[in-house]
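Only one structure is covered here, and it is reproduced in the block below.
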Amino acid sequence: MNIKLGELLIFWYARNKRNLPWRKTKVPYLIWISEVILQQTRVDQGLDYYLKFVKRFPTILSLASATEEEVLKYWQGLGYYSRARNLHATATYIRDEKDGRFPHKYDEILKLKGIGPYTSAAISSISFGLPYPVIDGNVTRVISRIFGIKENVNSSEGLNKIEKKLKSIFISESPGDFNQAIMELGALVCKPSNPDCAHCVLSTKCIAFKQNLMNDLPNKTKARSPKNIYLYYLVMKFKKENIYFVYFNKRQGNTIWKNLYDFPRIELQKKEKKSKIFNRLKQSKFLIDSSFEIGEIMGPIEHKLSHRNIYAYFISISLDGDLEKNNEEQLVDVNELEYEKLPVPKLIENYIKKYHNWV
DNA sequence: AATACGGGGCC
DNA sequence: GGCCCAGTATT
C-alpha cells in the first residue's frame, strides 16, 4: 500500500480541520469575501470581520448597493484597506457588467480587482471544483520543508521549484479539499516557528524533519526594517449651535489609508522640538487666517506597521468658529455622533477612544 | 525584482 | 525588535 502524500493530507484535514463559517458553503461570493479577508491575515484576526461583513452584505448586490464608506467602516481595523475598496468596486462591476453573476473560470476571476493568482485559485477550486493549486505562505512553507527546497522562496527560481513540487502532489480530483488541507497543515502543525512535527502526518516523508532543517526552511528574503515617521495631528475643535465639532480629513490619493478619515497633519522625518512644531503649526494653511488656542498635546502614541514606525502626536486646538475650507484637503466637520459612521485608521480609533474629549 | 500597503500575535 | 501571516498592485 502506497498512499499518496496528497491523500494523506486530505485524510488528515478531514479529521482535524477547524470548524469555520466559510467551510460550510461553496457560494462564490462568500468564498471570495473569506479569501480576501484572509489575505495576509490570520483566521483569529479575520473571523469576526467575516461574520459581521457577510451579515451586513450577504450578496454581491447588497455589497454593490452600499457606499464605499460603509464598506470601509466594516473593514476598519483590519488593515490593507485596498481590499475593501476593491471588493466594493468589483461588486459594482459584477452587478453592472456581468449580470450580477460571479465568473466561473480561473482566468476571468483573475482579472477582477483585488484578486491575484492565490485568490483566483482558491475560489476556482473551492467554489467550482477546478484543478488549480494555491500558493500562499503556508503552502510555500510546507512544500519547502517536505521537499527540502533551499532556494530563496522569494526568487523566481525558488517559486518555480515550489510550484513544480506542489503540482507533483496535487490531487486534482479534490482541489478544494487539497488546497485547504495543505494550508490548514501549515497553520496548525507546520507553523513558522516551532512546528509540531511530532503530530505531523507527513513527518516521515519530510526532508526538513529528517535533516532537522525545520527552522531553516523556508529560506526567505528578510524584510527591510521599518522607517520612522513623526506625525503631528491637528485636532481642531469648535462649537457650532451648542454642539462640539472636530475637523476630519478624508485622505486623498494613492497612499496609506486612502479614503479613510484622519486629521490634518504635519509629517516629519525626525523628532522636532515643540517650539519648532508650534511655528510650523501657526503657519499651517488651516490656521494662518484663524484665531485659535493651542491646548494639550498627547503623545507620542506609537503605531507600528510592517513598513513604518509611526510616532503620533495629537495637538488639541480650539478654534473661535468655522474654518474657511481648504481645497487641498477634504475637511469635514464632524460631531460625536457623526464620527461613529466614519471609517478611520486604527491609530485614529485608538486616539479617539483613549484620549479625545469632544467638549 | 523591489516596494507600498495594516495590523496583530508570537518568540 | 524581528518575523510572519489563506497577497495584490504598482513601479
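It should be emphasised that the depicted structure is a prediction, and the values quoted were computed from it without experimental measurement. In the text below, chain A, chain B and the rest are named by the order of the sequence lines, each starting its count at 1.
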Pairing pattern in dot-bracket form [Watson-Crick, G-U; both distances under 3.5 Å; | = partner strand] for DNA chain C: |||||.|||||

Using a heavy-atom cut-off of under 4.0 Å over every strand shown, decide if [X] touches base, sugar-phosphate, or nothing.
| X | value |
| --- | --- |
| A/W75 | nothing |
| A/K191 | nothing |
| A/V43 | base |

Interface with DNA chain C, restricted to residues 122-141 of chain A and to heavy atoms under 4.0 Å: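 Output list: A/D136, A/G137, A/N138, A/R141.
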
Mapping A/H303 and A/N154 to their closest nucleotides on DNA chain B, which lands nearer the 5' end?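 Nearest-nucleotide comparison on DNA chain B picks A/N154.
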
Want to settle it: does A/S82 or A/T221 sit nearer the 5' end of DNA chain B, counting the closest nucleotide to each?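 The residue closer to the strand's 5' end, by nearest nucleotide, is A/T221.
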
Using whole Å, report how far [atom1] of [X] lies from [atom2] of [N].
| X | N | atom1 | atom2 | result |
| --- | --- | --- | --- | --- |
| A/Y351 | B/dG7 | OH | P | 18 Å |
| A/I229 | B/dG6 | CD1 | P | 12 Å |
| A/K222 | C/dG1 | NZ | P | 15 Å |
| A/R85 | B/dG6 | CZ | C1' | 12 Å |

Minimum heavy-atom separation for A/Y233 and A/W257, please, with both atom names.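 The pair with the smallest heavy-atom distance is OH-CZ3, 3.9 Å.
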
Could you say whether A/P218 or A/S120 is positioned toward the 5' end of DNA chain C, judged by the nucleotide with the nearest heavy atom to each?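 Whichever sits nearer the 5' end wins; that is A/P218.
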
With distance as the sole test, does A/T41 use its side chain to make a donor-acceptor pair with the main-chain N or O of A/Q39 at under 3.5 Å?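 Yes: the side chain of A/T41 pairs with the backbone of A/Q39.
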
Any donor-acceptor N/O pair, A/S34 side chain to A/I31 backbone, under 3.5 Å: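 Answer holds: yes.
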
Centroid-to-centroid, A/F263 to A/F248, below 6.0 Å?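 A/F263 vs A/F248: aromatic centres under 6.0 Å.
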
What about A/Y74 and A/F57, are their ring centers closer than 6.0 Å?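 Centroid distance A/Y74-A/F57: below 6.0 Å, so yes.
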
Phosphate OP1/OP2 of [N] contacted by [X] side-chain N/O (<4.0 Å):
| X | N | value |
| --- | --- | --- |
| A/Y80 | C/dA9 | no |
| A/Q39 | C/dG7 | no |
| A/T119 | C/dT8 | yes |
| A/T255 | B/dC5 | yes |
| A/S156 | B/dA1 | yes |
| A/H307 | B/dC5 | yes |
| A/W257 | B/dG7 | yes |
| A/R224 | B/dT3 | yes |
| A/K220 | C/dC5 | yes |
| A/K304 | B/dG7 | no |

Criterion side chain to side chain contact (heavy atoms under 4.5 Å, CB included) on A/I126 and A/E35, from CA distance to verdict: CA-CA 10 Å; A/I126 296 170; A/E35 289 300 340; 3.7 Å; yes

When you compare C/dT11 with B/dG6, how far apart are their P atoms, in angstrom units rounded to a whole number?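 Here C/dT11 and B/dG6 have their P atoms 15 Å from each other.
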
Inter-nucleotide C1' distance (C/dA6, B/dT3), Å rounded: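 22 Å, rounded to whole Å.
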
Check whether the side chain of [X] and the base of [N] form a donor-acceptor pair under 3.5 Å.
| X | N | value |
| --- | --- | --- |
| A/T41 | B/dG6 | yes |
| A/Y118 | C/dG7 | no |
| A/R308 | B/dC5 | no |

Closest nucleotide among [options] to the [X] side chain:
| X | options | result |
| --- | --- | --- |
| A/P345 | B/dG8, B/dC5, B/dG7 | B/dG7 |
| A/R18 | B/dG6, C/dA6, B/dC5 | C/dA6 |
| A/S193 | B/dC11, B/dG6, C/dA6 | B/dC11 |

Report yes or no: is the cationic atom of A/K73 (NZ for Lys, CZ for Arg) closer than 6.0 Å to the six-membered ring centre of A/Y49, at no more than 45° off its axis?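 Geometry flag: not set, cation outside 6.0 Å or 45°.
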
Walk me through it: do A/I135 and A/L159 pass the test side chain to side chain contact (heavy atoms under 4.5 Å, CB included)? CA-CA 9 Å; A/I135 299 181; A/L159 188 61; 4.3 Å; yes

Starting from the C-alpha separation in whole Å, work towards a yes-or-no answer on side chain to side chain contact (heavy atoms under 4.5 Å, CB included) for A/Y230 and A/I266. CA-CA 8 Å; A/Y230 298 83; A/I266 298 169; over 6 Å; no

With no hydrogens and no angle check, do the side chains of A/R141 and A/N138 hold a donor and an acceptor under 3.5 Å apart?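 Indeed, the side chains of A/R141 and A/N138 share at least one donor-acceptor pair under 3.5 Å.
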
Within the 3.5 Å criterion, strictly below it, is a donor on A/N254 or A/K258 matched to an acceptor on the partner's side chain?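 Yes, a side-chain donor-acceptor pair sits under 3.5 Å.
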
Just wondering, do A/F209 and A/I146 contact through their side chains at under 4.5 Å, heavy atoms?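 Counting from C-beta outward, A/I146 and A/F209 never come under 4.5 Å.
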
